[in-house]
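One structure is given here, and the rest of the page talks about it.
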Amino acid sequence: MKLFKFVLILGLCALNFQAFAQKNDNDALNQFYKQFSVAFEQLDESVIQDIYAENACYIPEQQNKEITMGRDNIIALYKRFFGKIKHKNAQIEVDFRVVERQLDKQQATDVGYYLIRFYPPKETEEPVSEFAGKFVIVSKKKADGKWYLTVDTNNRSEPSFYYSAKPLPNLYYGRQFSTLSESSSKHD
């Protein structure tokens, strides 16, 4: 009987440890989206430099663009993009809603929606604009115990998909952006 109790307690401890490890993995993976948001708000690619694996690849949505291989080349893309926004004296925000995560001990695949808001310089009196898309991100846990993005791809979609995505336990759900029509009516 004592052996049975010992085995039962050992089994429960193992389940608790596994749940704790998975929560930590989910938290680490969700942190990527927070870092992307900060990088976009600050127009600073260095914020996301360390989240990509050295051999990561970025698959762009455009048909006329090739796959970008390697962390340094991916970060260079962000640097050019952020430079264009800075040159226009504009601001940009991004937000994410993860709707599916396939997670094992060493690899995770996130699927979801993103929304990007572009704020032109006030003196232009142009309206805020937005565009949205779908994404798939594959991450791997390396020997150092940290997660790194290894595959990053996206394509465009209607903003309504982002807005209608529902929060799910342990998955990143981001800010509560209101639709542009709701935002503009609050500011008028």
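We number each residue from 1, following the sequence as shown.
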Roughly how far apart are [X] [atom1] and [Y] [atom2], rounded to 0.5 Å?
{"X": "Cys57", "Y": "Ile67", "atom1": "SG", "atom2": "CD1", "answer": "6.5 Å"}
{"X": "Asp95", "Y": "Glu130", "atom1": "CG", "atom2": "CD", "answer": "11.0 Å"}
{"X": "Asp104", "Y": "Gln106", "atom1": "CG", "atom2": "CD", "answer": "7.5 Å"}

Practice item. Please check if the distance between the ring centroids of Phe135 and Phe96 is under 6.0 Å. Key: yes

Point to revise | Aromatic centroids of Tyr113 and Tyr162 separated by under 6.0 Å | key: no

[X] and [Y]: side-chain donor and acceptor closer than 3.5 Å?
{"X": "Glu93", "Y": "Tyr119", "value": "yes"}
{"X": "Asn30", "Y": "Tyr173", "value": "no"}
{"X": "Tyr148", "Y": "Asp50", "value": "no"}

Check your understanding: Hey, mind stepping through Asp152 and Val136 against side chain to side chain contact (heavy atoms under 4.5 Å, CB included) and telling me if it holds?
Key -> CA-CA 6 Å; Asp152 183 355; Val136 175; over 6 Å; no

Check your understanding: What is the minimum heavy-atom distance between Tyr163 and Thr179, and which atoms define it?
Key -> OH-CA, 3.4 Å

**Study point:** pair Leu29-Ser139: side-chain heavy atoms closer than 4.5 Å
**Key:** yes

Any sub-3.5 Å donor-acceptor pair from [X]'s side-chain atoms to [Y]'s backbone N or O?
{"X": "Lys142", "Y": "Trp147", "answer": "no"}
{"X": "Thr153", "Y": "Ile59", "answer": "yes"}
{"X": "Arg156", "Y": "Gly133", "answer": "no"}

Practice item. With Arg97 as the cation and Tyr114 as the aromatic partner, state whether NZ or CZ is under 6.0 Å from the six-membered ring centre and within 45° of the axis. Key: no

Review point. Arg101 pairs by side chain to side chain contact (heavy atoms under 4.5 Å, CB included) with which of Asn26, Thr109, Leu168, Asp25?
Key: Asn26

Practice item. May I ask whether Tyr33 and Phe81 are part of the same hydrophobic cluster, defined by side-chain heavy atoms of I, L, V, M, F, W, Y residues being less than 4.5 angstrom apart, directly or through others? Key: yes

Point to revise | ILVMFWY cluster, Phe82 and Val38 together (side-chain gap under 4.5 Å) | key: no

Exercise for review: In sequence, state the C-alpha distance, the side-chain angles, and the governing distance for Asn73 and Tyr52, and then conclude on side chain to side chain donor-acceptor pair (under 3.5 Å).
Suggested key: CA-CA 11 Å; Asn73 294 325; Tyr52 282 96; over 6 Å; no

